[in-house]
Amino acid sequence: KGEPKNRIESTSLYFYLGNQTAPGGYAWIFPKNNGTFNVGLGISYLYSKKKKALEFLKEFIQSRFQSYEIVNEIAGGAPIPGNKIQFVSHRAVLLGDAAGHCNPLSGGGIINAMEGAEILVNSVKKHLRDDCLTVKKLMDYKKNWNKKNGRKIELYYAMKKSFFRLEDDEYDRFVDSLAHIIQQKNRKLGVPDVIRLFIMILKNHYSLSISFLWEWLKGKIFFHKDDK
């Protein structure tokens, strides 16, 4: 709960990029009710060795609010990329964050966890009736998960690896391009739109395009080698 230094619209969500703000990730301010805000950030663990995420968060809050009171605190980690985690074993499977099924780009995991639960149920219910929950049978869950989300996670991971190594001035150019394209579209954006937007922006940023292509090619080798 606090008083922002700059005007914050109650119907808008605010995201902040920058290597001094949230290296390897992003910060956010989501307005809520009665002068309260959901304020947070996520950073790559690679940057947390010298400076903890909580320190970045405190500095971010102080830079954006004249005064504030911490009402509640929540912290956690997002294990990514998911395909590095062996989430199927004998009579046991992992799901959601535990399986590393987070979105590598945003760190979000609720939608993926819900999709994963549906895939898990549809994949193993026939084996439950026979009480046959061997690794071989439970691999249906992993195969069906990868079929639906594997390539998407590959793409997001490559986007993450290339995007979050940009310099701050490159972030500025990226956001300017994004704002221009969104104004032209003038409509709400879904996941396919975000991917298309990213590709359109890549065409205008040569260095980012090369970095993204390299990370994507490395990712394809990495993500599929365990399934061969």
Side-chain angles (χ1 to χ4, degrees), residues 1-80 102-111 156-185 188-191 193-195 197-202 204-205 207-208 211-212 215:
K1 185 173 184 178
E3 181 66 29
K5 291 183 178 180
N6 299 309
R7 179 177 175 82
I8 292 181
E9 298 291 341
S10 61
T11 56
S12 298
L13 304 178
Y14 296 81
F15 296 89
Y16 303 83
L17 297 168
N19 293 301
Q20 301 303 315
T21 300
Y26 60 92
W28 65 82
I29 298 177
F30 299 162
K32 300 180 75 175
N33 299 323
N34 302 320
T36 61
F37 303 85
N38 179 332
V39 183
L41 57 74
I43 66 172
S44 168
Y45 77 95
L46 296 173
Y47 300 95
S48 66
K49 297 175 182 178
K50 294 183 179 179
K51 187 175 179 179
K52 301 300 182 184
L54 183 59
E55 296 178 58
F56 281 105
L57 179 58
K58 287 180 178 178
E59 291 178 0
F60 175 70
I61 293 174
Q62 291 168 359
S63 70
R64 296 292 168 176
F65 289 84
Q66 297 179 23
S67 60
Y68 62 90
E69 173 190 355
I70 305 297
V71 178
N72 189 27
E73 294 182 349
I74 300 175
I80 50 178
C102 299
N103 181 322
L105 186 60
S106 69
I110 295 176
I111 294 177
Y156 284 157
Y157 187 66
M159 290 166 68
K160 172 188 180 296
K161 292 280 285 184
S162 55
F163 183 70
F164 287 121
R165 63 176 51 166
L166 295 178
E167 299 296 332
D168 285 359
D169 62 329
E170 293 177 303
Y171 281 133
D172 291 338
R173 295 201 303 272
F174 183 92
V175 172
D176 287 341
S177 299
L178 179 62
H180 178 67
I181 293 171
I182 290 176
Q183 288 175 357
Q184 288 181 328
K185 296 286 184 181
K188 294 181 179 180
L189 303 175
V191 171
D193 299 299
V194 172
I195 294 175
L197 283 172
F198 193 86
I199 292 173
M200 292 173 68
I201 294 172
L202 284 177
N204 297 322
H205 296 270
S207 60
L208 181 58
S211 175
F212 169 73
E215 295 297 342

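Note that this is a predicted model, so its numbers are computed, not measured.
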F164 and L105: CA distance, side-chain angles, deciding distance, side-chain contact (heavy atoms from CB on, under 4.5 Å) verdict = CA-CA 9 Å; F164 287 121; L105 186 60; 4.0 Å; yes

Minimum heavy-atom separation for A22 to L41, with atom names?
-> CB-CB, 4.4 Å

Give the minimum heavy-atom separation between T21 and A27, together with the two atoms involved.
-> CG2-CB, 3.9 Å

Nearest-0.5 Å distance that lies between atom CG in N6 and atom CD1 in I29 = 9.0 Å

Passing candidate, side chain to side chain contact (heavy atoms under 4.5 Å, CB included) with V39, options F30, F65, W28 | F65

Rounded distance (nearest 0.5 Å) linking atom OG of S48 with atom CG of L46 = 7.5 Å

Name all residues meeting the salt bridge (charged side-chain N to carboxylate O under 4.0 Å, His left out) criterion together with E59; count only those two or more places apart in sequence or in a different chain, and write none if there are none.
-> K51

Counting only heavy atoms not in I111, do more than 12 fall under 6.0 Å of its CD1?
-> no

Ignoring hydrogens and angles, tell me if any N or O in the side chain of K5 forms a donor-acceptor pair with the backbone of Q62 under 3.5 Å.
-> yes

With distance as the sole test, does N38 use its side chain to make a donor-acceptor pair with the main-chain N or O of K32 at under 3.5 Å?
-> no

Would you find more than 12 non-hydrogen atoms of other residues, nucleotides or ligands less than 6.0 Å from E73 atom CD?
-> no

In this structure, are over 12 heavy atoms from other groups packed under 6.0 Å from Y45 atom OH?
-> no

Between the OH atom in Y47 and the CG atom in N19, the distance rounded to the nearest 0.5 Å is 6.5 Å

Heavy-atom pair with the smallest gap, counting every atom of Y26 and S106 = OH-O, 2.7 Å

To the nearest 0.5 Å, what is the distance between SG (C102) and OH (Y157)?
-> 13.0 Å

In short, G18 meets D168 closest at the heavy-atom pair CA-OD1, 3.4 Å

To the nearest 0.5 Å, atom NZ of K1 lies from atom CG of N34 at 7.0 Å

Rounded to the nearest 0.5 Å, how far apart are CZ of F60 and CD of Q20?
-> 14.0 Å

P31 backbone acceptor or donor facing Y14 side chain under 3.5 Å = no

